[in-house]
Amino acid sequence: MRNNKHILFITIFLLSNIFQLTIIAQQFTLVADNFNPIVTAIPPSGYSGATWVDYNNDNHLDLFINNSQIFKNTGNGTFISLNTNIGDGTTLSSDGGNGNSWADVDNDGDLDVYISGVISYLYLNEGNDSFSRVTVGDISNGFGNRGWSCAFGDYDNDGLIDLAITHPAGFVGSALVNHLLKNNGEGSFSKISNNGISTGFQPYTVGTWSDFDNDGDLDYSVGSGPANGTNAADFFYKNNLTESGEASFERIQPQGPGTDLRDGQVWNWIDYDNDGDLDVYITNWGGNHTPNGLPNDLYRNDNGSYTKITLGEIVQTSRVSLASVWSDFDNDGDLDCYVSNDRNDSDSFYKNNGDGTFTSLSNNEVGVLTTTNKRSASAGDYDNDGKIDLITVGSNSISLFKNNTQNDNNWTFFRLGGKVSNRAGIGAKVRLKAEIFGQSFWQMREVSAQNSFNSHNDLRVHFGLGDAPVIDSLIIEWPSGQVDIKTDFHVNDFWVATEGESITAIVTNVEDIQKIPTKLSLEQNYPNPFNPSTVISYQLSAFSQVSLKIFDVLSNEVSNLVNSQQSAGAYKVAFNADNLPSGIYFYQLQAGNSLITKKMSLLK
């Protein structure tokens, strides 16, 4: 039944998807404020990762850089530097490592971090800017789990996030196979051997979890760039959980992505052509092959077969490439691509033209293409203005780029909260339909905790919406198999989607949050009367357990919109009454011991 739904969704996408051709100027500004600790931080040594992540749940993106520190976002685009103590006299930065991946390992509502390197450790988020290193079980063997990159993903769909670590033979001590650690719950992990992934000695680079075949389980791909003047095929493993009922992996070699010889680094699975399936872009280091490196590889997914794209600078420019960062930087409804290049070569930026082609932008056009060696990069909207910003990191530079693109394009964000699925929603697919520049089509994103070089982008799901005044439809396919479908959202807001329950808008725009509300309040819904959708707004003056319910005139509960803990702030919740008859209804907000009830009218 699930596969039939996927076929239906993809058929709809193929019939309705029309590409936007308008070229819109794109511009970033390098942040040079010496009072910003990111600007003045000492660059990390080696090939270190960088990730935008909201580790303290205040709806502002913080920044973690391996071998450096956490930069805590205090709002209004400002940061403070934290050398976060982990309780044994050391800090997250002193255990440094190359790669990092963030997920809610213990499903307690905040994000934990794994750091991979010559020693590799898991750190649990204890709140109040503190982390504790896990010191028991298979996951505590720091030297035995040494590796290059790490990636969280729930490969067996049990609601507990698992971990894969790549080991680059010849680069971080004596050779080991890759590591696969299964989350048993209660903070316990078991190392799984003979699983298909943990076999053979290769110079494995960055591993990525993605449900490439849309069958409901996470598959695994990993680059194996030799970086020694030779080419090799990368490694691609299909998960047989859906087919057999048991999670197991077999190496497959799909024509093109799995067979072409390269110096592969990062496999990035993205839907660049908005047709509902995942295409793949693979960066090549290739520094010893030619003076200018190797071109990167882009393969279009055509219903399970892959067509190699051979035209355009995105696949023809030779560079020594590491990270690729895909995001809709100009909010026009399709994914653009930034590529970090090593060896002090110019970076690359490719604007998606909306017709399957890309335009390579110069630094004068985009402002982000410096010539310092770049290794890692991460995309995220750190100032909550709806435009995706960029951090880039190399051995001699940390560069923070604010997105100052001048257009009126709309946008939206969704932060996922799993209930049966893992709490951070990693592995979920989010599909959105809107009418953009006169054409109605679907976009799709997959939540990933490793989609750059040794790092990943913000876990919030972002869509550019062009001139769309509303979001027509939203489909969230959770790893558990739960499918949530919602319609009629307003644009330019940040939403929290809770699996099987509610979608709540939280006001996070800097200009909308001047101070913490002084009291609990519940506003009159708007519009009122309504048909069939309305928005309910409320404010919390303190962290509380919150419920928001709808009742009919006989006091029967007809909808439970919110049931979660929430921080102080302003919130908006969309309510759709498609399945209810006309009449008077009541909505009731409970926060802690306080209760407020208001009346609303549904007229059909």
Side-chain angles (χ1 to χ4, degrees), residues 59 412-420 430 432-434 468-476 478 482-508 512 517-604:
N59 301 302
T412 192
F413 286 84
F414 294 92
R415 177 174 179 168
L416 302 192
K419 286 292 189 178
V420 179
V430 183
L432 178 148
K433 183 183 179 183
V470 295
I471 299 165
D472 177 84
S473 302
L474 180 79
I475 301 171
I476 304 177
W478 297 89
Q482 168 78 24
V483 177
D484 291 339
I485 301 175
K486 303 289 184 181
T487 58
D488 296 327
F489 293 92
H490 58 266
V491 300
N492 298 341
D493 227 330
F494 295 79
W495 302 86
V496 177
T498 303
E499 182 178 10
E501 295 182 5
S502 63
I503 297 182
T504 304
I506 177 168
V507 180
T508 56
D512 291 340
T518 58
K519 64 179 182 179
L520 175 71
S521 65
L522 177 65
E523 307 300 328
Q524 185 64 51
N525 64 298
Y526 181 83
N528 188 48
F530 66 98
N531 177 27
S533 298
T534 190
V535 174
I536 300 170
S537 301
Y538 59 92
Q539 293 186 332
L540 305 177
S541 59
F543 179 84
S544 306
Q545 176 68 37
V546 177
S547 71
L548 180 63
K549 298 179 179 181
I550 310 294
F551 298 91
D552 63 19
V553 292
L554 298 177
S555 298
N556 298 310
E557 181 182 323
V558 298
S559 183
N560 187 345
L561 298 178
V562 177
N563 183 24
S564 63
Q565 293 180 333
Q566 294 182 335
S567 301
Y571 294 82
K572 300 177 184 177
V573 182
F575 173 55
N576 188 294
D578 266 333
N579 298 323
L580 296 177
S582 296
I584 300 297
Y585 293 87
F586 297 89
Y587 55 103
Q588 185 179 86
L589 174 71
Q590 181 170 5
N593 295 322
S594 299
L595 195 67
I596 305 175
T597 303
K598 286 183 177 289
K599 182 172 67 175
M600 59 185 176
S601 300
L602 172 62
L603 295 179
K604 291 187 174 180

Asks: Mind checking whether Gln524 and Tyr587 have side chains closer than 4.5 Å, heavy atoms only?
Replies: yes
Asks: Below 4.5 Å, heavy atoms only, C-beta onward: do Ile471 and Lys486 meet side chain to side chain?
Replies: no
Asks: I'd like to check the side-chain hydrogen bond (donor to acceptor under 3.5 Å, both in side chains) partners of Gln545; sequence neighbours left out, ordered by chain and number.
Replies: Asn563
Asks: Which residues pass the salt bridge (Lys or Arg N to Asp or Glu O under 4.0 Å) test with Lys549, sequence neighbours left out?
Replies: Glu557
Asks: Are the side chain of Gln539 and the backbone N or O of Ser521 linked by a donor-acceptor pair below 3.5 Å?
Replies: no
Asks: With ring pair (Phe, Tyr, Trp, His ring centres under 6.0 Å) as the criterion, how do Phe551 and Phe586 come out once you've worked through the C-alpha distance, each side chain's angles and the decisive distance to 0.1 Å?
Replies: CA-CA 5 Å; Phe551 298 91; Phe586 297 89; 8.6 Å; no
Asks: Below 30° counts as parallel, above 60° as perpendicular, anything between as tilted: where do the rings of Trp495 and His490 land?
Replies: tilted
Asks: Take Asp484 and Ile503, measure what side chain to side chain contact (heavy atoms under 4.5 Å, CB included) needs, and give me the verdict at the end.
Replies: CA-CA 10 Å; Asp484 291 339; Ile503 297 182; 6.0 Å; no
Asks: Heavy-atom count check: over 12 atoms from other residues, nucleotides or ligands less than 6.0 Å from Asn593 CG?
Replies: no
Asks: Does a side-chain heavy-atom distance below 4.5 Å link Val496 with Tyr571?
Replies: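 No; the side chains remain at least 4.5 Å from each other.
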Asks: Quick check: do Leu522 and Ile536 have side-chain heavy atoms less than 4.5 Å from each other?
Replies: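 Yes, close enough: below the 4.5 Å cut-off.
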Asks: Measure the shortest side-chain to side-chain distance between Phe575 and Leu561 over non-hydrogen atoms and say whether it is less than 4.5 angstrom.
Replies: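 They are in side-chain contact.
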Asks: Evaluate the side-chain proximity of Ile476 to Val483: yes if any heavy-atom separation is below 4.5 Å, no if none is.
Replies: no
Asks: Could you check whether any side-chain N or O of Ser594 sits under 3.5 Å from a backbone N or O of Gly592, counting only pairs where one atom can act as donor and the other as acceptor?
Replies: no
Asks: Donor-acceptor pairs under 3.5 Å, side chain of residues 596-604 to any protein atom, not counting sequence neighbours: which ones?
Replies:
unit_1, atom_1, unit_2, atom_2, d
Thr597, OG1, Gln588, NE2, 3.2
Lys604, NZ, Ala577, O, 2.9
Lys604, NZ, Asp578, O, 2.8
Lys604, NZ, Leu580, O, 2.5

Asks: Could you pull out the closest heavy-atom pair between Ala542 and Ser544, with the gap in Å?
Replies: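 Smallest heavy-atom distance, with atoms named: O-OG, 3.0 Å.
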Asks: Are Phe489 and Thr412 close enough that some pair of their side-chain heavy atoms sits under 4.5 Å apart?
Replies: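 In short, these two side chains do not touch, never coming nearer than 4.5 Å.
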Asks: Indicate whether the side chain of Thr534 and that of Asn528 have a donor and an acceptor atom separated by less than 3.5 Å.
Replies: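 Per modelled atom types, Thr534 and Asn528 side chains form no pair under 3.5 Å.
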Asks: CG/Asn560 to OG/Ser502 distance, rounded to the nearest 0.5 angstrom?
Replies: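 Spacing of CG (Asn560) from OG (Ser502) equals 7.5 Å.
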Asks: If you round to the nearest 0.5 Å, how far is CG of Asn59 from CZ of Phe413?
Replies: 12.0 Å
Asks: I would like to know whether Val535 and Tyr526 meet side chain to side chain contact (heavy atoms under 4.5 Å, CB included); could you show each step before the answer?
Replies: CA-CA 5 Å; Val535 174; Tyr526 181 83; 5.7 Å; no
Asks: Do Leu589 and Val546 come within less than 4.5 Å of each other through their side chains, counting heavy atoms only?
Replies: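 The answer is yes, as the side chains (C-beta and beyond) meet within the 4.5 Å cut-off.
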